[in-house]
*Asks:* 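Sending over a structure as structure tokens; questions will come in a sec.
Both ligands and their constituent atoms are indexed starting at 1 by order of listing.
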Amino acid sequence: MARPVIIDTDCGVDDALAILMALVDPAIEVVGITCVAGNVGLGHVVRNVATVCDAALAPAIPIFRGASRPLLMAPVDAASVHGSDGLGDVGFAPSTRPIEREPAAAALVRLARAHPGATLVPLGPLTNIALALAIEPELPQLLGATVLMGGAVRGTGNAAPAAEFNIYADPEAAALCFARGLNPVVLDWDLTLATPIAWPVWDGLVAGGPLGRHFIGPINTRLRERSLARGGRGINLPDPKAMAIVLDPAVARLEPAALAVDTGWSAARGMTTVDRRWHPAPPNCHVATELDLPRLLALVERTCQAACAFGT
Ligand code: BDR
Ligand code: CA
């Protein structure tokens, strides 16, 4: 029987690949996709998820609208990375997939009850997950596991000097998730930076099949150009690495960790610290410390080779 997976996303270009990796995996059933504002505004995120499902010729998967802004602070975005539409401004035809009326936080709780032991995969700011935890404090017990992309456990920020985007975009929500027993597996930005996919390897992967050629490659074209112009060695794919841990747990080495989120209003806002003292605080998550790049590449390769609704 396929393993149930619930994806929560602020669908930018790396979220798109992560979602596709799950959609093409026969061992996985994506039972719902909840949307949250982050990389781009909520309207774009919802449209992008529908487009991603179209691209992969996915069956009807319920898509839910979630939080359009963080719990407390003003919204931030990452359109400079993902394009103004969040999918590289390629201009795909609008999807006709329906969007559910049920709010994402309620849907997360309902899906977790309907699929006990499901894996939750948050790929964006943790606003929807925090709201779901407020509705159902037993959410962690209903879920089998949570594997999220977020944080920078060695302090190399991307949204702020010491803060990674998903945490920085809603630190209060993130702090709540780590404090309320979600006990996630964390794939962070520092490990992402340490494991880029070299450009020639990436180019070979996306040329390798219909979904790569007609969707995954095109949505990443601008990011590739920008990165090359800055001397980047390869593509940094945070969200697909988190999804890879779900699809193939042997892809990562994990260590228990006590992780704290800074919710102050200083330069450290959104920073994630791991307690590395001799006697650390009790662990509240597992942090991925090493990635098996060939295993990850095999998952990306299979995804690029899948059928695509776009192109000739
Ligand atoms: C995270 O922020 C977003 O821009 C990416 O989609 C990823 O989830 C990386 O910091
Ligand atoms: Ca994301």
*Asks:* Please confirm whether Gly124 comes under 4.0 Å of ligand 1, counting heavy atoms of the residue only.
*Replies:*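 The answer is no: ligand 1 sits nowhere under 4.0 Å from a heavy atom of Gly124.
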
*Asks:* Can you confirm, on distance only, whether ligand 1 has an N/O atom lying under 3.5 Å from any N/O atom belonging to Asp10?
*Replies:*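 In fact, backbone or side chain, Asp10 has no N or O that close.
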
*Asks:* Test the Arg224-Trp199 pair against the cation-pi criterion, namely NZ or CZ under 6.0 angstrom from the six-membered ring centroid and within 45° of the ring axis.
*Replies:*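 The answer is yes, since Arg224 meets both limits relative to Trp199.
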
*Asks:* Near Phe165, which atoms of ligand 1 are under 4.0 Å from a heavy atom of that residue?
*Replies:*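 What qualifies from ligand 1 is 2 (O), 3 (C), 10 (O).
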
*Asks:* Is a donor from one side chain sitting under 3.5 angstrom from an acceptor on the other, for Asn48 and Asp85?
*Replies:*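 Checked: Asn48/Asp85 side chains show no N/O donor-acceptor pair below 3.5 Å.
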
*Asks:* Does the side chain of Pro103 reach to within under 4.5 Å of the side chain of Phe64, using non-hydrogen atoms?
*Replies:*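 No, side chains not in contact.
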
*Asks:* Please determine whether a side-chain nitrogen of the Lys or Arg among Glu138 and Arg180 lies less than 4.0 Å from a carboxylate oxygen of the Asp or Glu.
*Replies:*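 Here Glu138 does not pair with Arg180 in a salt bridge, since their nearest N and O are not under 4.0 Å apart.
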
*Asks:* Could you tell me which atoms of ligand 1, counted from 1 in the order shown, lie closer than 4.0 angstrom to a heavy atom of Pro238?
*Replies:*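 Going through ligand 1 atom by atom, the ones under 4.0 Å from Pro238 are 7 (C), 9 (C).
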
*Asks:* What's the OD2-the Ca ion (ligand 2)-O angle here (Asp15, Leu123), rounded to 10 degrees?
*Replies:*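 An angle of 90° at the metal.
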
*Asks:* Just checking: Asp14, one of its N/O/S atoms, less than 3.0 Å away from the Ca ion (ligand 2), yes or no?
*Replies:*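 Not a single backbone or side-chain N, O or S atom of Asp14 is under 3.0 Å from the Ca ion (ligand 2).
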
*Asks:* Does any non-hydrogen side-chain atom of Asp10 lie less than 4.5 Å from one of Val40?
*Replies:*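 The answer is no, as the side chains (C-beta and beyond) never meet within the 4.5 Å cut-off.
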
*Asks:* Go through the steps to decide whether Arg113 and Glu136 satisfy the test salt bridge (Lys or Arg N to Asp or Glu O under 4.0 Å), and finish with yes or no.
*Replies:* CA-CA 10 Å; Arg113 286 186 185 135; Glu136 176 50 278; 2.7 Å; yes

*Asks:* What protein heavy atom is closest to atom 6 (O) of ligand 1, reported as residue, atom name and distance in Å?
*Replies:*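 It is Asp14 OD1, 2.6 Å.
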
*Asks:* Give the numbers and elements of all ligand 1 atoms closer than 4.0 Å to a heavy atom of Asp239.
*Replies:*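 In order of numbering, the contacting atoms are 5 (C), 6 (O), 7 (C), 8 (O).
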
*Asks:* Restricting to N, O or S atoms, which atom of Asp239 is closest to the Ca ion (ligand 2)?
*Replies:*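 Distance check against the Ca ion (ligand 2) picks out OD2 in Asp239.
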
*Asks:* Can Asn158 be said to touch ligand 1, with heavy atoms closer than 4.0 Å?
*Replies:*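 A heavy atom of Asn158 does come that close to ligand 1.
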
*Asks:* How close does the nearest protein non-hydrogen atom get to atom 9 (C) of ligand 1, and which residue and atom is it?
*Replies:*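 Residue, atom and distance for the closest contact: Glu164 OE2, 3.2 Å.
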
*Asks:* Testing Lys241, Arg295, Arg302 for salt bridge (charged side-chain N to carboxylate O under 4.0 Å, His left out) with Asp248, which one passes?
*Replies:*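 Output: one option passes, namely Arg295.
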
*Asks:* Nearest to the Ca ion (ligand 2), which N, O or S atom of Asp10 do we find?
*Replies:*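 Of all N, O or S atoms belonging to Asp10, OD1 is the one nearest the Ca ion (ligand 2).
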
*Asks:* For atom 3 (C) of ligand 1, what's the nearest protein heavy atom and its distance?
*Replies:*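 Looking at atom 3 (C) of ligand 1, the protein heavy atom closest to it is Asn39 OD1, 3.0 Å.
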
*Asks:* If hydrophobic clusters are built by linking Ile, Leu, Val, Met, Phe, Trp and Tyr wherever their side-chain heavy atoms come under 4.5 Å apart, do Leu237 and Val49 end up in the same one?
*Replies:*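 Linked, Leu237 and Val49 end up in one cluster.
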
*Asks:* Are any of the N/O atoms on Trp189, whether in the backbone or the side chain, positioned under 3.5 angstrom from an N/O atom of ligand 1?
*Replies:*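 It does not: no N or O of Trp189 is found under 3.5 Å from an N or O of ligand 1.
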
*Asks:* Closest approach of Leu139 and Ala132, non-hydrogen atoms and distance?
*Replies:*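 In this case the closest contact between Leu139 and Ala132 is CD2-CB, 4.0 Å.
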
*Asks:* Whether the Asn236 and Thr192 side chains hold a donor-acceptor pair (N or O, under 3.5 Å, no angle test) is what I'd like checked.
*Replies:*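 No.
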
*Asks:* Which atoms of ligand 1 have any heavy atom of Asp15 under 4.0 Å away?
*Replies:*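 Close to Asp15: 6 (O).
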
*Asks:* Tell me which part of Leu123 gets within contact of ligand 1: side chain, backbone, both or neither, using heavy atoms under 4.0 Å.
*Replies:*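 For Leu123, the contact with ligand 1 is made by the backbone alone.
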
